[in-house]
Protein chains: 2
Amino acid sequence: MTTMKDIAKVLGLNESTVSRALNNHPYVRPETREQVMEAARRMNYRPNTLARSLATSRSYVVGLVISNIANLFFAEVTKGIEGVADAHGYSVILCDTGRNAAKELKYLDLLARRQVDGIIFMSGRLPADVVAAIKQQRCPVVTVSRDGTRYGIPTVRINNRAEAAKATRYLINLGHRRIGFISGQLDDAESGLPRLEGYRAALEESGIGFDPDIVQEGDFRMESGMRACARIMQSPPRPTAIFAANDEMAIGAMKTLSQLGFKVPADVAVIGFDDTAFATVVTPPLTTVAQPLRMLGTSAMEMLLKLMAGHRLADIETVLECQLVVRASCGGTGL
Amino acid sequence: MTTMKDIAKVLGLNESTVSRALNNHPYVRPETREQVMEAARRMNYRPNTLARSLATSRSYVVGLVISNIANLFFAEVTKGIEGVADAHGYSVILCDTGRNAAKELKYLDLLARRQVDGIIFMSGRLPADVVAAIKQQRCPVVTVSRDGTRYGIPTVRINNRAEAAKATRYLINLGHRRIGFISGQLDDAESGLPRLEGYRAALEESGIGFDPDIVQEGDFRMESGMRACARIMQSPPRPTAIFAANDEMAIGAMKTLSQLGFKVPADVAVIGFDDTAFATVVTPPLTTVAQPLRMLGTSAMEMLLKLMAGHRLADIETVLECQLVVRASCGGTGL
DNA sequence: GCGCGGCTTGCAAGCGCTTGCAGACTATGC
DNA sequence: GCATAGTCTGCAAGCGCTTGCAAGCCGCGC
C-alpha cells in the first residue's frame, strides 16, 4: 500500500505538505498540489481512514442498532438511514440485536470502542440499563420509533395515537359502527398501547361504545392476528370492520376471515398499519396507514448529522405524518 | 476517555505491560494482570479499536455490498451474515448500491480505505470493471448468488438450474403437462437464464415439448408477473400450472389468475422460487422452492472468515441445497 | 531600502495501541 | 555456587495521518 510518506519521498516533499495538498488546505502552491494529486493518482494512493480517524478523532462511522434487519419494517428504515449517511460521507455499522437487551448493551459498548461518531438506536423497549448506557455514550444517539424523548434522548417517531384514531375514523366514516381492534403488545408504550388509545378515542368521539370483547391483544405477528380475529368474530353482534395495529396482523385477520367464509371487504372491512411491502402483495390489497418508513430513517440520520456537527436541536423530537393509503380491503373510499 | 497510558501511570507500569495484561499475553505476572484488569474496570477503560487496528493492520470489520437492503431476499441474507460476523468479533459495514455499478465501485474503494478485512459482495451483474476492482482488493472478497466463480472469485450460491428443474418436475409429477413459466431477466446469467434452462430441461426429460408462447420474461417484480401471467393464459391450450422464477412474480400471477376468474390451485397451480416472507402471507400460501437465505449469508461469512485467516479454500465454490416447501398453491403434495 | 504581512513548506509531536528486543529477575539443575 | 532457561517488564519504534508552530520566501507600500 502506498502511503503519504511514499508520495512525499517521491516528490521530495514533506509528508505534511502532501497531507495538506490532498485535503485541499488553502496554503498550498497550486503546482505543488497538482504534483501531489498526480503522484497520488499514479501511485494508486488510498488514504487510510483509520489513521486519519485516529489523528482527528472523527471516524465518519455511525452505528445502527436495530431489532431485526430481516424485518421489512426495519429494513426500510435502514435503507433511508444508509442513503443519507452515505451522501454525507458516513458509513454505517449494522448491529442486529434480536431485541435482546444484553446484546443491545454489548453493541453499544462495541460501537463506543469503534469510536463511532453517532448512533441510531431502534431496538427494544429502552429498559433502564439501556437508557443509562445510551446517556453515557460520548457520541450523540437518536432513537427512532421509541419513547426516547421521555429520557431526553432525541427521537423521531410518528404519533401512534393520532394515526390510529385516523384509521378508526376512516372506518367510521365508511359507516362502520362495530369495529374490532387487534392490538400489539399492550405493555409496549410506544406503538402497542397508543394505537389502542387512538382507536378508543375515535370511537368515543363518535359516540360509539368501546366493547372489550372485540379488542384482542396480539404480538404484531400474522398468527396472532389470525387468532385474535377468530375471537373477535365470535362476539355478536358481528363486527363489520377490523382494524389491526399492523399489516401482518391485518393479513392474519384476512386469512381467518376467508376461512370463516367472510368476504373482504364485502362482509368485513380490514385496515392495517405500517404499509410494508406485504400490504400490496395480499389480496385484496390492504388499506393501511402508511408510516413514512424511509423518511423515518432519513430524518433520524439528518437529526444525527446535526448533533454530530455540534448543533443544538431546535426540537428534541421529530414527529412525522402518516398517510392513509386506500386500497381495496375496506371497499369504498370514504371521505 | 481513559487510555492505556492513564492506566499505566496510575499503576506505575509501562504502557506495554498494560497492553499485554489486557490482551492476555502469556508473560504477565498474575498479580500484575489482576491489578491492570481491576484498574481498567475502575477507570471505565475502553480500548480504542481504531488505534489497535492501525497498529495491527486488522480492523475486524467486513464490508457488505448489497443491491437493496429493503428487499426481503437481501435482508435475510444480511441477517445471516451479521450473525456469524458478530459471533467472531467482526462488525459489518452496510453498503447499499441500488444495483448501480458506479456505486459498487465507489463502495469498493471506500471499504478499502476503511481497511476492512474482507468483503461480501452481493450486488449487480459483475461487469468487467467491478470484477477488476474486486480482484485488486487487498482483502478477500466473496460473492453470493453471483457468478463470481467464473472470475475466480470465491462464491456461495445455489444451483439455479437444478432447483428450477426440481420445481418443474414437481408440477409434472402432479400431473401437469402444460406448464407456463415466468422467467427473470434472461440476460441475468446467474438466476434469470439458468432457471429457464432448468424448467426446459425438466420438460424435455419428461418428453414434454417446450412452447415459447407460455414462457414470458419478467423482471422479478410482482407487476411483471401479472403481465406475464396474462399473456400466458391467453395461449391455448390453457396451462394448468405456472412456475414463476421468484415469489413476487408468482404472487403477481396469482393476482392475475384471480382477476381472470381462475381458482388457485383448483384451476391452475402456481409455484414460486425463493421462499421469502411473502410466500406465507399470500392466500393460498405459496408452494415454492426455498432458498436457504439465512444460510447463504452464514456460509458466505464463514467462507470469508477462512480466507481472512489466511486459509486456502478446499473449494472456491459452495453450492447450497434448496428445499421444496409445499404449501397450498399447487394443491396435492405430489411425490 | 526596509519592514510587514501573507504564502508556502518543513519540523516534530501526537492520536492510542502493539511488539521486537533487551535487560532484570527467578528458579532450576548440576 | 553458578550457568541456564525461563518469566516478567520496560524501552522505543512504528502503524499512517494531522496540525500547531516556526522559518523562509515573496511582493508590496512607504
Side-chain angles (χ1 to χ4, degrees), chain A residues 1-37 39-40 43-61 89 109-117 138-139, chain B residues 1-37 39-40 43-61 89 109-117 138-139:
Chain A
M1 278 297 82
T2 113
T3 72
M4 283 191 174
K5 194 188 290 180
D6 298 331
I7 299 185
K9 199 171 300 167
V10 164
L11 298 180
L13 287 173
N14 185 284
E15 222 178 317
S16 59
T17 304
V18 173
S19 170
R20 284 187 273 252
L22 257 17
N23 295 300
N24 38 51
H25 183 100
Y27 290 163
V28 176
R29 192 152 46 95
E31 305 109 80
T32 307
R33 181 188 313 277
E34 200 35 66
Q35 273 179 57
V36 171
M37 291 302 198
M43 301 171 71
N44 202 357
Y45 170 71
R46 270 183 183 145
N48 181 327
T49 314
L50 254 36
R52 177 176 228 274
S53 298
L54 185 58
T56 59
S57 25
R58 298 291 261 101
S59 63
Y60 286 92
V61 174
D109 183 57
L110 177 71
L111 291 174
R113 295 170 181 235
R114 287 213 182 273
Q115 315 295 120
V116 297
D117 293 338
R138 1 137 284 153
C139 70
Chain B
M1 277 297 83
T2 114
T3 72
M4 284 192 173
K5 193 187 292 182
D6 298 331
I7 299 185
K9 199 170 300 168
V10 164
L11 299 180
L13 288 173
N14 184 283
E15 222 178 317
S16 60
T17 304
V18 174
S19 171
R20 284 188 273 254
L22 257 17
N23 294 300
N24 38 49
H25 181 100
Y27 289 164
V28 176
R29 192 153 46 95
E31 306 108 79
T32 308
R33 181 189 313 278
E34 201 34 68
Q35 274 179 55
V36 171
M37 291 302 198
M43 300 169 72
N44 202 356
Y45 170 70
R46 270 183 183 147
N48 181 326
T49 314
L50 254 35
R52 177 175 228 274
S53 297
L54 184 59
T56 59
S57 25
R58 298 293 259 100
S59 64
Y60 285 91
V61 174
D109 182 58
L110 177 71
L111 291 173
R113 295 171 182 234
R114 288 212 182 273
Q115 315 295 118
V116 297
D117 293 338
R138 3 136 285 154
C139 70

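Source: prediction; values computed, not measured. Scope of the values below: all heavy atoms of this structure, side chains included, with no hydrogens, waters or symmetry mates. Quick note on labels: first sequence line is chain A, next is B, and so on, each numbered from 1.
A:Ser53 meets the side-chain contact (heavy atoms from CB on, under 4.5 Å) test with A:Thr49, A:Ser59, B:Leu50; sequence neighbours excluded. A:Arg46 meets the salt bridge (Lys or Arg N to Asp or Glu O under 4.0 Å) test with B:Asp109; sequence neighbours excluded. Under the side-chain contact (heavy atoms from CB on, under 4.5 Å) criterion, B:Arg29 pairs with B:Glu31, B:Thr32, sequence neighbours left out. Under the rule for a side-chain contact (heavy atoms from CB on, under 4.5 Å), the partners of B:Met37 that lie at least two apart in sequence or sit in another chain are B:Leu22, B:Arg33, B:Glu34, B:Arg41. Not a single ring pair (Phe, Tyr, Trp, His ring centres under 6.0 Å) links B:Tyr45 to another residue, sequence neighbours left out. Under the side-chain contact (heavy atoms from CB on, under 4.5 Å) criterion, B:Gln35 pairs with B:Leu11, sequence neighbours left out. Judged as a side chain to side chain donor-acceptor pair (under 3.5 Å), and not counting sequence neighbours, the contacts of B:Asn23 are B:Ser19, B:Arg52.
For the residue pair A:Thr2 and A:Asn44, the shortest heavy atom distance occurs at CG2-O, 4.1 Å. Scanning all heavy atoms of the two residues, the minimum distance from A:Leu54 to B:Ala51 falls at CD1-CB, 3.8 Å.
Along DNA chain C, read 5' to 3', the first and last nucleotides having any atom under 4.0 Å from a heavy atom of chain A are C:dC7 to C:dG16.
Within the structure, salt bridge (charged side-chain N to carboxylate O under 4.0 Å, His left out) pairs that include any residue of residues 3-20 of chain B do not occur (at least two apart or interchain).
Distance check, rounded to the nearest 0.5 Å: CD of B:Gln115 to CG of A:Asn48 gives 3.5 Å.
Comparing B:Val18 and B:Ala51 along DNA chain D, the residue whose closest nucleotide (by nearest heavy atom) sits nearer the 5' end is B:Val18.
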Might you list the N or O atoms of the protein lying below 3.5 Å from N or O atoms in nucleotides 6-9 of chain D, with each pair's distance?
from: D:dT7; atom 1: OP2; to: B:Tyr27; atom 2: OH; distance (Å): 2.9
from: D:dT9; atom 1: OP1; to: B:Arg29; atom 2: NE; distance (Å): 3.4
from: D:dT9; atom 1: OP1; to: B:Arg29; atom 2: NH2; distance (Å): 3.2
from: D:dT9; atom 1: OP1; to: B:Thr32; atom 2: OG1; distance (Å): 2.4
from: D:dT9; atom 1: OP2; to: B:Arg29; atom 2: N; distance (Å): 3.0

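Contacts with DNA chain D (heavy atom under 4.0 Å) in residues 52-61 of chain B: B:Leu54, B:Ala55, listed by number.
Defining each end axis of the helix from C:dG1-D:dC30 to C:dC30-D:dG1 as the rotation carrying four pairs' C1' atoms onto the next four, with five pairs an end, the two axes are found to diverge by 50° to 10 degrees.
Considering only heavy atoms from C-beta on, A:Val10 comes within 4.5 Å of A:Met43 through its side chain.
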